[in-house]
Amino acid sequence: MKDKVKAVILVGGHGTRLRRLTYNTPKPMVPVLNMPFLEYVIRNLRGHNILDIILAQYYLAESMENYFGDGSKFGVKLRYVMEGSPRGTAGAVKNVEKYLDDTFLVLNGDIFHNCDFTNMVKFHHRHRAKATIALTPVEDPTIYGVVETDRRGKVKHFFEKPEPGEVSTNMINAGTYVLEPEVLQWIPPDTKYSFERELFPQMLTDDKPVYTYSFHNYWMDMGTAEKYLQLHRDLLSDKCDNHSLEKDVIIGDKCNIHSSAQFSGSVIIGDNCTFGRGVRLAGPVVIGPNCAIMEDAVIADSVVWDNVTMNTRAVIKSSVVANNCILGSDSYLVDAVLGDHVTVDEGCKLKPGARILPGGTVKDT
Ligand code: GTP
């Protein structure tokens, strides 16, 4: 890989589908196995020697800069570029045009995958493409942008969220592109503009060479709470190549765990957590730092963020609990998502599938 291939990561979206979790935390900073999601994307790029990275920002930008700084701690050089108003996926790249003078990559900042960027760039050059779109197979393509190609991988048609039976392929736009700088002249300045719905279809109409690069490794768009949880299940069950854990139970520093606590399956615990008598964790479970899990509380198949208190006999199953929540004694959550700073009253049993906005107290749903 040539050193000068740069990458633009799109990190400015509101993350509305993950709304309960993204009020205070932008989607790229949402923790995955207790590490900001964006760090995986940056590590992946660094693994392919793509070290010059531009973050195209809009929503809740500061936390990224506070965490990653100039990128040197992560072995890369980071530049942050803020939009005055959200420009959409292609408009956001137009907004960073002055940094792009050679072939470059664009990545959605909410997709976990192991695409081989090195090979993808080589493919792009071999085909003399102006744009190359990574494609990945999914079981149900009807909720995605589907791309039909000829045998050489040249795009024939785009279908946005097609009806069942409308398409003959399950290969979807994986949210990763290799582009030539020339493409930027076809994006209007200071305008909201999309790759998927506007630029790529227009390039096809204008007979520009748009190619696709198919990969079959793990791919997950973690844009909804269900998929966010599924990503954790997959990572903790070794379904994602390259991401195996060295042991089943990983415990952070300065944790205080009662000898009767039982952990089964894959469990990751952050620093400074306490676990009382009889606590049960049935993995996959990830618990952030500074959590207090009191006597006989149970957590199964769930992700709990930072500074959460679970009082005695509280139960969390197949749920996501954001920062600073308090669960009362005997409270019960299944398939739930709690935003930050939610208090669930003692004995309260949330209806399965509850989605609770940040703040406030939940008595009964
Ligand atoms: P939803 O609102 O739930 O669809 O999420 P989102 O806002 O992240 O939108 P979407 O999933 O379509 O975005 C794909 C990627 O592009 C994500 O990484 C977003 O952060 C990013 N993105 C979307 N819109 C913009 C934008 O206007 N500006 C910038 N800089 N990034 C954007």
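Worth knowing before you read on, the calculation uses all heavy atoms, side chains too, and leaves out hydrogens, waters and symmetry mates. Treat the numbers as computed from the prediction; the structure is a model and nothing was measured. Counting starts at 1 for both ligands and their atoms, following the listed order.
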Suppose we measure from [atom] to each protein heavy atom; which comes out shortest, and what is that distance?
atom                    : value
atom 10 (P) of ligand 1 : R17 NH2, 4.2 Å
atom 8 (O) of ligand 1  : K27 NZ, 2.8 Å
atom 14 (C) of ligand 1 : N108 ND2, 3.6 Å

- Knowing that exactly one of N324, N323, N272 qualifies, which makes a side-chain hydrogen bond (donor to acceptor under 3.5 Å, both in side chains) with N307?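 Of all the options given, the one that passes is N324.
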Regarding ligand 1, does [X] bring an N or O atom to under 3.5 Å of one of the ligand's N or O atoms?
X    : value
A56  : yes
P86  : no
G223 : no
Y58  : no
G13  : yes

- Test item: protein heavy atom less than 4.0 Å from atom 3 (O) of ligand 1: yes
- Answer with yes or no after comparing the ring centroid distance for W219 and Y144 against a 6.0 Å cut-off, counting only values under it.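 Yes, ring centres under 6.0 Å apart.
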- Message: If the cut-off is 4.0 Å to any non-hydrogen atom of T16, which atoms of ligand 1 fall inside it?
- Response: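 Matching atoms, with element in brackets: 1 (P), 2 (O), 3 (O), 5 (O).
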- Task: Kindly give the heavy-atom pair with the smallest separation between M222 and K27, and that separation in Å.
- Result: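 Heavy atoms only, the tightest pair is CE-O, 3.5 Å.
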Please output the side-chain donor-acceptor pairs of residues 158-169 that fall under 3.5 Å, not counting sequence neighbours, one pair per line with the distance.
| from | atom 1 | to | atom 2 | distance (Å) |
| --- | --- | --- | --- | --- |
| E166 | OE1 | E163 | N | 2.8 |
| S168 | OG | E148 | OE2 | 2.9 |
| T169 | OG1 | M171 | N | 2.9 |

- For the residue pair S329 and T312, confirm or rule out a side-chain donor-acceptor distance under 3.5 Å. yes
- Who else is in M294's hydrophobic cluster (ILVMFWY, side-chain heavy atoms under 4.5 Å, direct or via others)?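 Members other than M294 - counting any ILVMFWY side chain reachable under 4.5 Å - there are none.
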- Query: What do we get for V11 next to ligand 1 when only non-hydrogen atoms under 4.0 Å count, side chain, backbone, both or neither?
  - Reply: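 It is the backbone that gets close, since no side chain atom is under 4.0 Å.
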- Check the pair F74 / Y67 against ring-ring contact (aromatic ring centres under 6.0 Å, His included), numbers first and verdict last. CA-CA 10 Å; F74 302 86; Y67 183 87; 5.7 Å; yes
- NZ/K363 to OG1/T361 distance, rounded to the nearest 0.5 angstrom?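 Answer for the NZ-OG1 pair, K363 versus T361, is 5.5 Å.
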